[in-house]
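Below, each value reflects all heavy atoms present in this structure, side chains not excepted, and no hydrogens, waters or symmetry copies. What you see is a predicted model; the values in this text were computed from it and never measured. Throughout, protein chains are lettered first and strands after them, A, B, ... in sequence-line order, and every chain is numbered starting at 1.
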2 protein chains.
Amino acid sequence: MVTRTDHWLEKLKSTDGRVTDARRAVVDVIVSSPRPLTPVEIFDAARKKHLHLGLVSVYRTLEKLEELRLIQRVHQEQGCQAFLRAGVGHQHLLLCERCGQAVLFDGDDLESLFSRISQQTGFEIKDHWLQVSGVCAECK
Amino acid sequence: MVTRTDHWLEKLKSTDGRVTDARRAVVDVIVSSPRPLTPVEIFDAARKKHLHLGLVSVYRTLEKLEELRLIQRVHQEQGCQAFLRAGVGHQHLLLCERCGQAVLFDGDDLESLFSRISQQTGFEIKDHWLQVSGVCAECK
DNA sequence: CTACTATTGATAATGTTTTTCAATTATAGG
DNA sequence: CCTATAATTGAAAAACATTATCAATAGTAG
Ligand SMILES: [Mn+2]
Ligand SMILES: [Mn+2]
Ligand SMILES: [Zn+2]
Ligand SMILES: [Zn+2]
């Protein structure tokens with residue numbers, strides 16, 4: 001059975017990267033987390049799998065994974081240094097305010113909003129960024 | 001003529017705060033900036049008005065102004081430590097990718113999107129966050 | 001003018017991310 | 001399997017960003 005961890009490591013390998021214990025541990029932690037994690041959180045969790053992992057390697061792996069678009073940075077009030085697996089295609093993030101659980105959704109249609117803003121401001125709209133928060137079914 | 005700077009300083013005063021040269025300088029810089037600024041950028045600009053301003057006072061003033069909801073933190077790819085005057089009521093941000101100019105717009109209607117997401121995920125939607133970027137009329 | 005207390009800036013402390021570097025290790029090719 | 005090569009590692013130091021401490025200063029009410 002090919003896990004998502006394996007898939008990510010393959011992606012790394014196919015871009016001149018190597019598969020190491022440090023990376024395996026970091027990827028494993030991110031892949032199996034239902035919520036965004038900070039570098040230190042990832043470090044603490046991954047150290048249980050790879051004892052003398054360095055925090056530097058977490059940062060370096062995050063950088064690689066972000067380049068490969070396998071993870072995304074999550075912006076929150078308390079700070080913006082948390083990372084989460086990336087969605088496929090065009091998706092946005094829905095976060096539970098209580099437990100932090102993240103869900104990716106798609107199918108937003110903002111075109112009419114954008115064309116109106118474009119007319120009013122003279123801007124040519126290139127990109128957008130939407131994040132929704134609330135309380136998940138379990139936390140309600 | 002009552003400037004926006006004066007208005008902000010009055011707000012500060014009315015919540016047990018004092019009007020000082022340091023604050024006047026910081027507020028002036030933010031109020032007259034068309035784009036989000038980082039603490040250090042604010043520091044550099046404000047120092048021209050108040051020579052021996054300390055960077056600490058910039059941080060402290062930012063904290064106060066954020067509490068009073070006169071400014072908002074702006075999240076961007078390159079980092080999330082930039083601040084901008086806050087909008088009135090429910091508004092969202094439109095940023096120019098070239099010059100950084102910020103425009104606040106309102107009148108987004110995301111209710112139907114939210115009710116659909118809510119049904120699909122079981123979440124109770126509480127809040128959302130939308131930011132749009134593009135190229136402004138001058139930069140086109 | 002005075003008393004009171006919020007605010008200041010210098011300094012130190014803390015926290016986060018990046019750089020440097022020599023040692024180690026994954027991997028391709030023989 | 002062995003070897004050469006270059007990517008990766010972790011320790012340590014450096015760089016950067018933010019926050020806490022504290023004695024001196026200055027805004028404000030009265
Ligand atoms: Mn979208
Ligand atoms: Mn809205
Ligand atoms: Zn929850
Ligand atoms: Zn522009």
Undergrad: Could you tell me whether the side chain of B:Arg98 and the main chain of B:Cys139 form a donor-acceptor pair under 3.5 Å?
TA: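 Between the backbone of B:Cys139 and the side chain of B:Arg98 there is a qualifying donor-acceptor contact (under 3.5 Å).
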Undergrad: Using a 4.0 Å heavy-atom cut-off, does A:Val19 contact any base of the nucleic acid, only the sugar-phosphate backbone, or nothing at all?
TA: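 Contact class for A:Val19: sugar-phosphate only.
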Undergrad: Using a strict heavy-atom distance below 4.0 Å, which residues from residues 54-77 of chain B are in contact with DNA chain D?
TA: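 By residue number: B:Val56, B:Tyr59, B:Arg60.
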Undergrad: Mapping B:Ala22 and A:Gln81 onto DNA chain C by nearest heavy atom, which one lands closer to the 5' end?
TA: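 Upstream on the strand: B:Ala22.
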Undergrad: Whole-Å distance between C:dG9 C1' and B:Phe43 CZ?
TA: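 In whole Å, C:dG9 C1' and B:Phe43 CZ are 10 Å from each other.
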Undergrad: First locate atom CG of B:Leu94, then atom CD1 of A:Ile117, and finally report the distance between them rounded to the nearest 0.5 Å.
TA: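 One finds 6.5 Å between CG of B:Leu94 and CD1 of A:Ile117.
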Undergrad: Check the distance between D:dA7's P and A:Arg23's CZ and give it to me in whole angstrom.
TA: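 Spelled out: CZ on A:Arg23 to P on D:dA7 is 11 Å.
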Undergrad: Send over the distance from B:Arg24 CZ to C:dT8 C1', rounded to a whole Å.
TA: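 So the CZ-C1' distance, B:Arg24 to C:dT8, works out to 14 Å.
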Undergrad: Which residue in the set B:Asp21, B:Asp28, B:Asp44 passes salt bridge (Lys or Arg N to Asp or Glu O under 4.0 Å) when paired with B:Lys49?
TA: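 It is B:Asp28; the other options fail the test.
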Undergrad: Could you tell me whether A:Arg69 atom CZ has more than 12 heavy atoms of other residues or ligands within 6.0 Å of it?
TA: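 No, because the 6.0 Å sphere around CZ of A:Arg69 holds 12 heavy atoms or fewer from other groups.
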Undergrad: Just by distance, with hydrogens left out, do B:Ser133 and A:Asp127 show a side-chain donor and acceptor under 3.5 Å apart?
TA: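 The answer is no; no qualifying pair exists.
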Undergrad: C:dT16 P sits how many Å from A:Ile42 CD1, rounded?
TA: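 Distance, rounded to whole Å: 13 Å.
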Undergrad: Measure the distance from CG on A:Leu12 to P on C:dA26 and round it to the nearest whole Å.
TA: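 Rounded to the whole Å, the gap is 14 Å.
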Undergrad: Among the nucleotides D:dT18, D:dA26, C:dA28, which one has an atom lying closest to any side-chain atom of B:Arg18?
TA: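 From the listed options, D:dA26 comes nearest.
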Undergrad: So if I apply the side-chain contact (heavy atoms from CB on, under 4.5 Å) rule between A:Lys64 and each of A:Leu12, A:Leu70, A:Ile71, which one comes out positive?
TA: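 Exactly one pass, corresponding to A:Leu12.
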Undergrad: Please report the distance, rounded to the nearest Å, between NE2 in A:His50 and P in D:dT8.
TA: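 Rounding to the nearest Å, NE2 of A:His50 and P of D:dT8 are 14 Å apart.
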Undergrad: Report the nucleotide, chosen from D:dG10, D:dT5, C:dT7, that has the shortest atom-to-atom distance to any side-chain atom of B:Thr20.
TA: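 The listed nucleotide nearest to B:Thr20's side chain is C:dT7.
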Undergrad: Would you kindly give the CG-to-P distance between A:Leu53 and D:dG10, to the nearest whole Å?
TA: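 The answer, rounded to whole Å, is 5 Å.
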Undergrad: I need the CD-C1' distance between B:Gln78 and C:dT18, as an integer number of Å.
TA: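 Distance, rounded to whole Å: 18 Å.
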Undergrad: Nearest 0.5 Å please: distance from the CG atom of B:Leu110 over to the CG atom of B:Leu130.
TA: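 It is 6.5 Å, given to the nearest 0.5 Å.
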